Amino acid sequence: MGFSRVQVQSDSSVAIRLILDPMAANSFSSLVRRISSLQNLPWSLRFLWVPREMNMVADGLSKLPSLNDFHLQIFDNIPESIRPLLARDREGPPYRRRC
């Protein structure tokens with residue numbers, strides 16, 4: 001698609017650690033090997049762990065049934081189920097976990 005800079009975010013610290021492990025290219029998991037090999041392509045690729053508590057809006061949007069078809073969804077209005085999550089994201093969680 002012509003991207004030159006890609007940032008991959010996941011709330012799974014285990015997945016991020018597996019992908020970033022220097023030995024990932026030799027992993028027993030073909031999925032880990034394939035994702036790790038993406039770092040060898042001619043682009044800037046960054047894998048980032050983001051705790052679910054730090055981005056409840058993205059987590060909520062990913063769980064909306066209308067988003068499960070992998071097509072672009074544009075909202076004219078904020079979905080009602082997302083409004084409280086947006087307020088929480090704005091305020092920030094009361095604690096932060098470490099990876």
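All residue numbers refer to positions in the sequence shown, counting from 1. Computed from a predicted model, the values in this text were never measured in an experiment.
- Atom OG in Ser12 sits 8.0 Å away from atom CG in Leu18 (nearest 0.5 Å).
- Nearest heavy-atom pair across Ser36 and Ala24 is OG-CB, 3.5 Å.
- Residues Leu45 and Val8 meet the side-chain proximity criterion, which asks for heavy atoms closer than 4.5 Å.
- By the criterion of side-chain heavy atoms lying less than 4.5 angstrom apart, applied directly or through intervening Ile, Leu, Val, Met, Phe, Trp or Tyr residues, Met23 is not grouped with Val32; the two fall into different hydrophobic clusters.
- Distance check, rounded to the nearest 0.5 Å: CZ of Phe75 to CG of Leu64 gives 5.5 Å.
- Atoms CD and CG, from Gln39 and Leu20 in turn, are 6.0 Å apart once rounded to the nearest 0.5 Å.
- To the nearest 0.5 Å, the span separating CD on Gln9 from CZ on Arg46 amounts to 8.5 Å.
- Partners of Asp59 by salt bridge (Lys or Arg N to Asp or Glu O under 4.0 Å), not counting sequence neighbours, listed by chain and number: Arg52, Lys63.
- Every side-chain contact (heavy atoms from CB on, under 4.5 Å) that Leu41 has, sequence neighbours left out, goes to Leu38, Trp43.
- With a 4.5 Å cut-off on side-chain heavy atoms, Pro51 and Asp11 do not count as touching.
- Within the structure, every pair that satisfies the salt bridge (charged side-chain N to carboxylate O under 4.0 Å, His left out) test and touches residues 73-87, not counting sequence neighbours, is listed here: Glu80-Arg83.
- For Arg5, the side-chain contact (heavy atoms from CB on, under 4.5 Å) criterion is met by Ser44, not counting sequence neighbours.
- Legend: residues meeting side chain to side chain donor-acceptor pair (under 3.5 Å) with Arg34, ordered by chain and number and at least two apart, are Ser37.
- A search for side-chain contact (heavy atoms from CB on, under 4.5 Å) contacts involving Val57 returns Asn55, Leu61, Ile82, Leu85, Leu86, Asp89, not counting sequence neighbours.
- The distance from the CZ atom of Phe47 to the CZ atom of Arg17 is 15.5 Å, given to the nearest 0.5 Å.
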